[in-house]
Q: 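One structure coming up, written as structure tokens, with questions to follow.
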Amino acid sequence: MIKESISGDLRKEIDSIDHLDVEEKLDYLKNYFDSSLYDFFLKIINQYVFNGGDIIGISQLLIFDSRKIETSLDNFLMVSKRKFIEFSILWGITIGILIILQFSLSMFYESILSMIFYAPLIFIFFIIFLIFLYLFLKHNFNLSFINEWREKQNEKPTSEN
């Protein structure tokens, strides 16, 4: 039933393994879903197959963990978007001031250009801008909190151990 609601690459992947039985399909899709949540899902399915019981009750921890990761990712994206706007506005204002100064001081521009320290300081300004841009982008696209969650999941003892 789920297969009918899936589209895109996952649909193609599932169609390519249609000849396999359910357990083999789930194991094959482990390559598609590179996530410790999927590994945890497979452990829950195996526990259900071998021991039976209430699948909803067994999967409560998986549901909790997936919601926790989704909430963390949503918060990260919201903060990231807000920081991008702040970063853009602040550096835009700074560069705008530099441009306005250049045009408003155009009669002094020749004398400013002839000063020894002007060109190196402008160069240093743009180097600092590039450094801050690099640090911002590095931090803004850092999803290490998901990897930290994966490491914590790998350290947790499972019911199969």
Side-chain angles (χ1 to χ4, degrees), residues 2-3 5-17 25-47 56 58-106 108-109 112-161:
I2 294 173
K3 182 179 170 183
S5 65
I6 297 172
S7 62
D9 291 337
L10 181 57
R11 176 66 178 225
K12 292 175 188 175
E13 198 75 28
I14 291 174
D15 288 340
S16 72
I17 59 171
K25 285 179 186 178
L26 289 175
D27 285 335
Y28 179 83
L29 289 176
K30 184 177 184 180
N31 299 326
Y32 184 83
F33 296 109
D34 183 29
S35 171
S36 58
L37 277 178
Y38 192 77
D39 292 335
F40 193 45
F41 167 74
L42 289 178
K43 289 178 183 178
I44 288 173
I45 295 297
N46 287 335
Q47 181 181 359
I56 302 295
I58 297 170
S59 61
Q60 286 301 316
L61 185 59
L62 174 66
I63 293 169
F64 174 77
D65 285 343
S66 62
R67 284 186 183 157
K68 186 177 176 183
I69 287 179
E70 184 179 15
T71 302
S72 297
L73 187 58
D74 288 343
N75 289 339
F76 177 81
L77 292 174
M78 183 180 64
V79 169
S80 178
K81 184 177 179 181
R82 188 176 68 229
K83 293 297 179 186
F84 174 75
I85 291 170
E86 289 175 7
F87 181 84
S88 300
I89 289 172
L90 291 175
W91 276 102
I93 289 171
T94 303
I95 292 173
I97 289 171
L98 232 144
I99 292 170
I100 290 171
L101 280 176
Q102 182 172 349
F103 287 120
S104 64
L105 298 176
S106 60
F108 299 116
Y109 188 66
I112 291 173
L113 261 178
S114 64
M115 294 180 184
I116 313 171
F117 59 86
Y118 178 73
L121 287 179
I122 292 296
F123 179 75
I124 291 171
F125 170 80
F126 283 111
I127 293 295
I128 290 172
F129 169 72
L130 291 175
I131 290 170
F132 277 108
L133 181 64
Y134 167 76
L135 292 173
F136 173 75
L137 292 176
K138 181 181 174 188
H139 178 71
N140 208 32
F141 293 107
N142 182 3
L143 298 175
S144 64
F145 64 90
I146 293 176
N147 292 331
E148 291 169 6
W149 180 87
R150 284 182 183 175
E151 291 170 5
K152 287 180 186 176
Q153 290 303 312
N154 290 336
E155 292 172 3
K156 283 185 182 178
T158 61
S159 59
E160 292 179 13
N161 293 342

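For this chain, numbers begin at 1 and follow the sequence in order. Model, not experiment: these values are computed from the prediction.
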Q: Calculate, to the nearest 0.5 Å, the distance between atoms CZ and CG belonging to Phe41 and Asn46 respectively.
A: 10.0 Å
Q: Let me confirm one number: the CZ-CD1 distance from Phe129 to Ile95, rounded to the nearest 0.5 Å.
A: 4.5 Å
Q: Do other residues, nucleotides or ligands put more than 12 heavy atoms under 6.0 Å from Phe132 CZ?
A: no
Q: Taking all heavy atoms of Tyr38 and all of Leu26, pick out the closest pair and write down the distance.
A: OH-O, 2.8 Å
Q: In Å and rounded to the nearest 0.5 Å, what is the CD1 to CG distance from Ile17 to Asp27?
A: 10.0 Å
Q: In residues 84-93, what donor-acceptor pairs under 3.5 Å come from side-chain atoms, sequence neighbours left out?
A:
{"residue": "Ser88", "atom": "OG", "partner": "Phe84", "partner atom": "O", "Å": "2.9"}

Q: How about Leu61 and Ile44: do any of their side-chain heavy atoms sit closer than 4.5 Å?
A: no
Q: Can you list everything that forms a side-chain contact (heavy atoms from CB on, under 4.5 Å) with Leu137? Sequence neighbours excluded, please.
A: Leu133, Phe141
Q: Identify the two heavy atoms, one from Asp39 and one from Lys30, that lie closest to each other, and give their separation to 0.1 Å.
A: OD1-CE, 2.8 Å
Q: Can you name the residues that form a side-chain contact (heavy atoms from CB on, under 4.5 Å) with Leu130, not counting sequence neighbours?
A: none
Q: Could I get the full list of side-chain contact (heavy atoms from CB on, under 4.5 Å) partners for Ile63, not counting sequence neighbours?
A: Ser59, Gln60, Arg67
Q: Let me check something: any side-chain donor-acceptor pairs from residues 73-82 under 3.5 Å, sequence neighbours excluded? List them with distances.
A:
{"residue": "Asn75", "atom": "ND2", "partner": "Thr71", "partner atom": "O", "Å": "3.4"}
{"residue": "Ser80", "atom": "OG", "partner": "Asn140", "partner atom": "OD1", "Å": "2.3"}
{"residue": "Ser80", "atom": "OG", "partner": "Asn140", "partner atom": "ND2", "Å": "3.0"}

Q: Under the side-chain contact (heavy atoms from CB on, under 4.5 Å) rule, collect the residues that match up with Leu135, sequence neighbours excluded.
A: Ile131
